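Okay, structure first, notes after.
Note: hydrogens, waters and symmetry copies are ignored here, and every other heavy atom, side chains too, is used. To find a chain, count down the sequence lines: A is the first, B the second, and so on, and within it residues start at 1. It should be emphasised that the depicted structure is a prediction, and the values quoted were computed from it without experimental measurement.
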There are 2 protein chains.
Amino acid sequence: MPGKHDERQKLGSPRAARRRTTIDDVAKLAGVSRQTVSRAINDKGEIDPATKERVLEATRTLGYRPSRFAQGMRRQDSVTLGLVISDLSNPYFAEVAVAVLEVAEERGWHVIVCDSRNDEGKEQEALDVLSRQADAIIGHCSSPDDMLARHAPGMPLVLLERGVDQTRFGSVGIDTEAGMQQAFAHLTGAGHRRIGMLDGAPDDRPSARREHFLAQVRLYDLPVGPDWVVSCDRHSVSAGERGMDALLDAHPDVTAVVGFNDLIAVGAIRTARRRGLRVPDDVAVLGFDGLALGELVEPPLTTLSIDKRELGRLAVEQVAAQLSADEKPAAEGDARVRPELVLRASA
Amino acid sequence: MPGKHDERQKLGSPRAARRRTTIDDVAKLAGVSRQTVSRAINDKGEIDPATKERVLEATRTLGYRPSRFAQGMRRQDSVTLGLVISDLSNPYFAEVAVAVLEVAEERGWHVIVCDSRNDEGKEQEALDVLSRQADAIIGHCSSPDDMLARHAPGMPLVLLERGVDQTRFGSVGIDTEAGMQQAFAHLTGAGHRRIGMLDGAPDDRPSARREHFLAQVRLYDLPVGPDWVVSCDRHSVSAGERGMDALLDAHPDVTAVVGFNDLIAVGAIRTARRRGLRVPDDVAVLGFDGLALGELVEPPLTTLSIDKRELGRLAVEQVAAQLSADEKPAAEGDARVRPELVLRASA
DNA sequence: AACGATCACGTGAACGTTCACGGAATGGGC
DNA sequence: GCCCATTCCGTGAACGTTCACGTGATCGTT
């Protein structure tokens, strides 16, 4: 393989002298000192316009770019935020990411994004990385508290939509209870009594949405029990389709279904229609998230809409608070955003 | 408010001496030298297990975390990639981001994400930031070459889906021509002769998709001219709805429409149906992207599907190439990914 | 002519970590 | 008793930048 050998040769000779071009190289070429170069590239004063131009010219010919590490070491500003998203393919999380990105950018923060792909192992890896590379972390994390403490020791941490189990970290949650109240007021008002749910979490670790769903069931004294909620193994349309099949098999007389999120609810609609059921006449379907997607399906999805902007904004604000008063998090942070029921045709 | 006052006091006194806890602090507490601390936290050998534990204990009580800047300065590894996305809310771009994230993670790279929100100004700001904070940039950039060179001087840069105008940077494009060939083979095969297009770019800077659309029109000698393509001002469903209205107003006899992307195509379907047209019987609609969303709408969307994974992978690989052989980009890089026509009901 | 002010620029020192050394113990072999 | 190997640990010196100073010039003022 002579080609490969050549390549090695060609790469080898300059690599020996391969060294980052530093500010001193520029200084030497321009015939000035480091400090003057620094003044030129940072638009400080106290420099002759002519020399400034000469210096900048030198940086160009050398292709000089300051080392972000050396720079970050001196000026202590520069905040970078770690963002752990469980699934960027899910439009809901994408929207949350957009919100965080936008608010962080306003503050001049950089954001390193990790997609944990709904895997607790990947989630912990992400935390490991981010605890080295970021100054604070925001994320949807499903690992238990002590695991988080182990993988992000001493980091300012804000959890998004943590379940019923409290956390000792900062968090911004969703007022699921208020949401379910609106949902049940609407559904029972329309005469529904047999209401099922498609949860997005396994039975052994039920979601807050399920808990509050069941609380409402009890409150309205509905003739349905915990077996009226079936759990979907993923947060996707196809998982929702399968879940709806299971639910309809178990309880063919169900008249309304609330989904863990919009994707699952869309799956429910599809399964219902595939089985010849009319939505909402035979079975009403209600989602949770407020995705743009909900307007596009047939029929349009009634849903509990979450203000993702607000969610992101609150999270970043809470990080900022932890960052400035970096004593204990003090458990002060526990913001909540309240879902809003947007009525469309599906329920 | 005595509580608040207390807090201030408590914060004030240590703040004067507010200084990052360094490796030396840990060393002092553990009664060892810096180097031994370094050995302990980096799992190097040459350290007594007992002292190692003592050191780690010290790091815990002090809440010590090594400075990523100082660390990055010594070990020269650590690559961070900048990713400029034009709109993370668009599922297509979200999918591309996921792909880049995933492949970058395999290499142990960190990714800083910026959403330019389809704004050239924001895009340039993002480049400014990333050229300081990253080692290379991947992105959907609409700014002209010289502008890119100005805002990311000397950076390895890989452009995603650059239009017809060539670029001097690395790029991974989409074989729009092959895609349009498939589209027209299918549409003309079904007897369509009056085919319109909803472009996603303004008339004065038409997209590659439009160019190749028109090329196919000429190739098949169809009785339609450039005025059969109307440009949508945004890449959204609602923009597609408006565009379709305009197209139908101008050419009520159109029998098939190809959208710049899936979102616009979905808008076209909605407008068509709102106007009482049956899809695909009265008018066929064809998308471009291959979003999961396309399966959910009514009727399901026929589309030219792009392999976003592949796109992301090629981009990262090209960055890696530029990063290792950091002589000139040499214009070697010009990968392309070929769309695949997936047939559903809409066309 | 002497003085202070302003301008343009240079010199050490720091930031916090890791690397290349070197050195002091300890243990075992003859 | 010596020698060598091994284990454990510490000491300067770097990495590349910016900050706090200091130093000559130049200019106008009294």
So how far is it from [X] [atom1] to [Y] [atom2], rounded to the nearest 0.5 Å?
X: B:Arg54; Y: B:Thr36; atom1: CZ; atom2: OG1; answer: 9.0 Å
X: B:Leu130; Y: B:Ile137; atom1: CG; atom2: CD1; answer: 5.0 Å
X: B:Thr80; Y: B:Ile112; atom1: OG1; atom2: CD1; answer: 4.5 Å
X: B:Glu102; Y: A:Cys114; atom1: CD; atom2: SG; answer: 12.5 Å
X: B:Tyr64; Y: B:Thr59; atom1: OH; atom2: OG1; answer: 9.0 Å

**OP:** Report the residue (B:Thr36 or A:Arg34) whose heavy-atom-nearest nucleotide on DNA chain D is the more 5′ of the two.
**Re:** B:Thr36
**OP:** Give every residue pair that meets the ring pair (Phe, Tyr, Trp, His ring centres under 6.0 Å) criterion with at least one member in residues 114-145 of chain A, sequence neighbours excluded.
**Re:** A:Phe93-A:His140
Subject >> Sequence neighbours excluded, every pair satisfying ring pair (Phe, Tyr, Trp, His ring centres under 6.0 Å) that has a member inside residues 68-88 of chain B >> reply: none
**OP:** Report the residues that fulfil side-chain hydrogen bond (donor to acceptor under 3.5 Å, both in side chains) with B:Asp146, sequence neighbours left out, ordered by chain and then residue number.
**Re:** none
Original post:
Partners of A:Asp24 by side-chain hydrogen bond (donor to acceptor under 3.5 Å, both in side chains), sequence neighbours excluded?
Top reply: none
**OP:** Would you mind listing every side-chain hydrogen bond (donor to acceptor under 3.5 Å, both in side chains) that reaches into residues 123-137 of chain A, with sequence neighbours excluded?
**Re:** A:Glu123-A:Ser142, A:Glu123-A:Ser143, A:Gln124-A:Ser143, A:Asp128-A:His151, A:Asp135-B:Arg68
**OP:** For DNA chain C, find the residues of residues 51-63 of chain A with a heavy-atom distance under 4.0 Å and give them by number; none if there aren't any.
**Re:** A:Thr51
**OP:** Measure across A:Pro156 and A:Leu323 and return the closest heavy-atom pair with its distance rounded to 0.1 Å.
**Re:** CG-CD1, 3.6 Å
Subject >> For A:Lys28, all residues meeting side-chain contact (heavy atoms from CB on, under 4.5 Å), sequence neighbours excluded >> reply: none
Subject >> Non-neighbouring partners of A:Ser89 that pass side-chain contact (heavy atoms from CB on, under 4.5 Å), sequence neighbours left out >> reply: A:Asp87, B:Glu95, B:Val98
Subject >> Note: A:Arg313-A:Glu310 ion pair, threshold 4.0 Å (strictly below) >> reply: yes
Subject >> Those residues of residues 64-78 of chain B lying under 4.0 Å from DNA chain D by at least one heavy atom >> reply: B:Met73, B:Arg74
**OP:** Mind listing the residues from residues 38-49 of chain B sitting with a heavy atom below 4.0 Å of DNA chain D? Number order is fine.
**Re:** B:Arg39, B:Glu46, B:Ile47, B:Asp48
Subject >> Full working for side-chain contact (heavy atoms from CB on, under 4.5 Å) between B:Arg65 and A:Met155 >> reply: CA-CA 9 Å; B:Arg65 281 184 309 125; A:Met155 287 287 286; 2.7 Å; yes
**OP:** Under 4.0 Å from any heavy atom of chain A: name the first and the last nucleotide of DNA chain C that qualifies, 5' to 3'.
**Re:** C:dA8 to C:dG16
Original post:
End-to-end bend of the helix from C:dA1-D:dT30 to C:dG29-D:dC2 (five-pair axes, 10° rounding)?
Top reply: 60°
